[in-house]
Number of protein chains: 2
Amino acid sequence: MENINLKTLAAQLHLSTATVSKALRDSHEISDETKQRVRALAAALNYIPNPYASSLRKKSSKTIAVVIPEVADSFFAEAINGIEAVAQSKGYHVLIYLTHESFEKEKAILMDFQSGRVDGVLLSVSAETVNTNHILTLQSHQIPIVVFDRICDEIKTAKVSTDDYNSGYKAAQHLIDRGYKKIAYLSISKTLSISRKRMNGYMQAMKENNFLPAEFYICECTTDDEYNNAVIENLLNNENRPDGIIASVEKLTTSVYSACRRLQLKIPEDVGVISFSNLKTAAILNPSLTTITQPAFDIGNAAASLLFKSFEKKSFQLDAESQSFPSVLHIRNST
Amino acid sequence: MENINLKTLAAQLHLSTATVSKALRDSHEISDETKQRVRALAAALNYIPNPYASSLRKKSSKTIAVVIPEVADSFFAEAINGIEAVAQSKGYHVLIYLTHESFEKEKAILMDFQSGRVDGVLLSVSAETVNTNHILTLQSHQIPIVVFDRICDEIKTAKVSTDDYNSGYKAAQHLIDRGYKKIAYLSISKTLSISRKRMNGYMQAMKENNFLPAEFYICECTTDDEYNNAVIENLLNNENRPDGIIASVEKLTTSVYSACRRLQLKIPEDVGVISFSNLKTAAILNPSLTTITQPAFDIGNAAASLLFKSFEKKSFQLDAESQSFPSVLHIRNST
DNA sequence: GTGAAAGCGCTAACAA
DNA sequence: TTGTTAGCGCTTTCAC
C-alpha cells in the first residue's frame, strides 16, 4: 500500500499542503467547508501524519521516556501502568529504558536524550548512581525530568516518592511493637537516597526504643540473587542472629523466606519479616507477608502528570512540585 | 545550552555538512584525517544527531513497539526484559503500549503505526481481539510484526509462543496423576487462541483418561478481579465442586487461593491447584504453587530477534520462522 | 576525497 | 480564507 501524505491529499483536493495541514489541525483560518472536505478525504484515505516530519519541524516529539532499573518488580510495573494511563490520555508515546542498576547505562541513556528524542523524562535512578551530572546535563538542554521512587535529593526538579523515612520507621516500629528486638535492615544500596532514608527511619525507631547500635543489623544486598541468598542465610545462621527482618525491597522477600526455610527458622515465631512490597500475592504467601506497600500506580501517575504540566506551561516550576505519598502497612502473618 | 548540529560542526571544521555526516558514519569516501578531526570535534562538543531528522530522511526510526495487554504480570515483565536486551544491543528504542485487553485500543494503537513511527511491532493480542484486520492493514504498509505469547494463528507472520496445547495437557495430566478427578479449567477468553489451545490440551488429557465431558469444568474469567473472585468462589462452593483447578493465567492464582481460604478448602487435600505462572514467589506461597512456567525472557528475546532479522535482510520470511518454546512443570505443594 | 543541492513530510511566516 | 515559501537537521545522489 502506497503511503499517503499531505501532498497527496492536497493534490486530490486541489489545495495547497499548507491549507490541508491547517485544516487537519482545525485552524480558525480555514473555512468550515474546506475542513469538511479535507477531513473527509483524510479519513477515506486513512491518512496518518508522519510524526517525525512533524517532530522535526515543531521540535517536540510527543513522547516521553521512562528510565527505570527493572520491570520485573511489581512496584515498577504498576508505576508504568500509572504513567501509561496519563500518557495515553494526552496522546503521548512512551519509550522505556532499563538500566539494570548500571550507572554507565543510565548515563548513556540520558545522554541520548540531548538529541531531542523525547520531550521529557521520568527517572528512577539505578542503585549504582553516585552523582547527578548526567541529569544536570540533560536539564541544561531544557529537557524536563521528574524523578520518582528512587529520587536524588540533590537535583532541582520534581520528586515523586513514598514517604521513605516514615515508612522505614513504621516498619521497624511495627516489628518492635510485635516484640522483636534484634532487627535487621536489608538494604540494596548505600548510595540510594531512598534506601538511606528508609534505613534512617528504621534506626530512629530503634533508638527511640532504646536499642543499642550494636543490636542493629545492616545488611547490604545486591542485584545478584545467589549472592543475596548467601548473605541472608549467613545473617540468620548465627548464634546472635536477628529475630526480625526488614526487607527494603520486594525481591529480597523470596531470599528471606527461602533462607528461613533452609535454616528451619519459623516465620513469625523465630523471625519476623516485613517487606517493602507491592506483590499481589503477599496475602497468599506462606506465611502471608506483612508489607509496607507503596501507591505505585499513583506515584507513576503523579510523576507523569507533573511532567505534562511542565509541557503545558513553560513557566511551571517543576522543582516546587515534589510530592510524597504515604505508604500503607498491611499487617499479616509474617510478623 | 545551545543545541549543536551538523551545520555547527561543519562550520567550525570548514567542511560541508555532507562531509561531516559521512565522516561520522565512517564512510569510505572520507579520508582518515578528516574523520579524526570530525570525530574529535563531535566528541568535544558532545554532538548527538537529531534522530527525527535522520528518521525522516532514511524512513527508518530505529524504534520498535511492544503492544501488550498489561505489564503487571510477570510473564510480560520478563518478556519485556528479553525484548529490551536485544533492542539495546542493536541500538534500537522501544515504545511500549498497553491495551488493557481492549480491542479498540489495540486497533487504535496499531493504526498509528502506519505513520512509520516504528520499524516493527511485537504484539501480544488482547483478550477481546476477535479479528485480525488491524494487523493485516499494518502488514500491508510493510511494517513487520511478530506476535508472541498471545498469538493469532490466522495471520501470516512469525509467532513466538509456548507450546500451549502440550502445556495444557501437561497441567491436566499432572493433576490426574495426582489422583484429582474433577478438574476445572479457568480461562480468560474464549477467543484467545492461546487459551483455547491450553484448554484443548486439558480436554485431551481428560478424554484420554476416560473422564466424561460432564466432569469437565470450564470457567470463563475476566479482567475484573472482583468478578473472578465471585465466579471462582461460586465454582468451589458447590456440592459437585471440582477437586482440581488449572489456572490458565497467573493473575487467577490469587483468586483461587483466596476462594479456598474463604471456603475453608485445603490445598492440596480438597483442591489441587496448578497455575500458568512466572511468579518468582511461587515457591513461597502457602502452600507453594505448582506451576507451568513459560520461558518468558527467551520468548521476548526470540520475538525481538526475529523482528531484527527481518530488518536486516528484507528477503527474510517472517512467516517461515515461528517458534514454540516448551514450558516447564514445577511440581510443588499445591498438587 | 569533498561539496553542492535536493528533498524526506511537515509547519509557520508571510503574501495574496 | 488560501497559497507561497522557507526550513527543521539530516542523508544521498551526483559533480567536481
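Because only heavy atoms are used, hydrogens play no part in the values below, and waters and symmetry mates are left out as well, while side chains stay in. These numbers were taken from a predicted model, which means no experiment stands behind them. Numbers restart at 1 for each chain; the letters A, B, ... are given by sequence-line order, proteins then strands.
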Notebook entry, point to check: For B:Lys58, what residues pass the salt bridge (Lys or Arg N to Asp or Glu O under 4.0 Å) criterion, not counting sequence neighbours?
Noted result: none
Item checked: Distance in angstrom units between B:Lys22 NZ and C:dG3 P, rounded -> 9 Å
Checklist line | Short side-chain to backbone donor-acceptor contact, B:Thr157 and B:Ile145, under 3.5 Å | finding: yes
Next item on the list: Pull out every residue in residues 26-43 of chain B that has a heavy atom closer than 4.0 Å to any atom of DNA chain D, ordered by number, or say none.
Entry: none
Margin query: Rounding to an integer number of Å, can you tell me how far B:Leu24 CG sits from D:dT12 C1'?
Written below: 15 Å
Margin query: Given the ring of A:Phe103, does A:Lys105 sit roughly above its face, with NZ or CZ under 6.0 Å from the centre of the six-membered ring and within 45° of the axis?
Written below: no
Notebook entry, point to check: Can you check whether B:Phe311 and B:Tyr92 have ring centres sitting under 6.0 Å from each other?
Noted result: yes
What does the list of N/O pairs under 3.5 Å between the protein and nucleotides 5-9 of chain C look like, with a distance for each?
| from | atom 1 | to | atom 2 | distance (Å) |
| --- | --- | --- | --- | --- |
| C:dG7 | N2 | B:Arg57 | NH1 | 3.3 |
| C:dC8 | O3' | B:Lys59 | NZ | 2.8 |
| C:dC8 | O2 | B:Arg57 | N | 3.4 |
| C:dG9 | OP1 | B:Lys59 | NZ | 2.7 |
| C:dG9 | N2 | A:Ala53 | O | 3.2 |

Checklist line | Estimated bend of the helix from C:dG1-D:dC16 to C:dA16-D:dT1 (axis per five terminal pairs, rounded to 10 degrees) | finding: 40°
Item checked: A:Ile68 and A:Val71: CA distance, side-chain angles, deciding distance, side-chain contact (heavy atoms from CB on, under 4.5 Å) verdict -> CA-CA 7 Å; A:Ile68 53 177; A:Val71 254; 4.2 Å; yes
Item checked: Ring geometry between A:Phe113 and A:Tyr97 (parallel below 30°, tilted from 30 to 60°, perpendicular above 60°) -> perpendicular
Margin query: What I want to check is whether the side chains of A:Ser102 and A:Thr99 have a donor and an acceptor closer together than 3.5 Å.
Written below: no
Check: Hey, mind stepping through A:Ile96 and B:Val66 against side-chain contact (heavy atoms from CB on, under 4.5 Å) and telling me if it holds?
Finding: CA-CA 10 Å; A:Ile96 197 146; B:Val66 176; over 6 Å; no
Next item on the list: Using the test salt bridge (Lys or Arg N to Asp or Glu O under 4.0 Å), find all partners of A:Glu128 that sit at least two apart in sequence or belong to another chain.
Entry: none
Notebook entry, point to check: Are OP1 or OP2 of D:dG3 and a side-chain N or O of A:Thr19 less than 4.0 angstrom apart?
Noted result: yes
Notebook entry, point to check: Considering residues at least two apart in sequence or located in another chain, which fulfil the side-chain contact (heavy atoms from CB on, under 4.5 Å) criterion with B:Asp73?
Noted result: B:Glu70, B:Phe75, B:Phe76, B:Glu250
Next item on the list: Inspect the surroundings of CD in A:Glu33 and state if more than 12 heavy atoms from other residues, nucleotides or ligands are less than 6.0 Å away.
Entry: no
Notebook entry, point to check: Atom NZ of B:Lys62 and atom P of D:dT11: how far apart are they, to the nearest Å?
Noted result: 12 Å
Margin query: So, OP1 or OP2 of D:dG3: does either fall under 4.0 Å of a side-chain N or O from A:Ser16?
Written below: yes
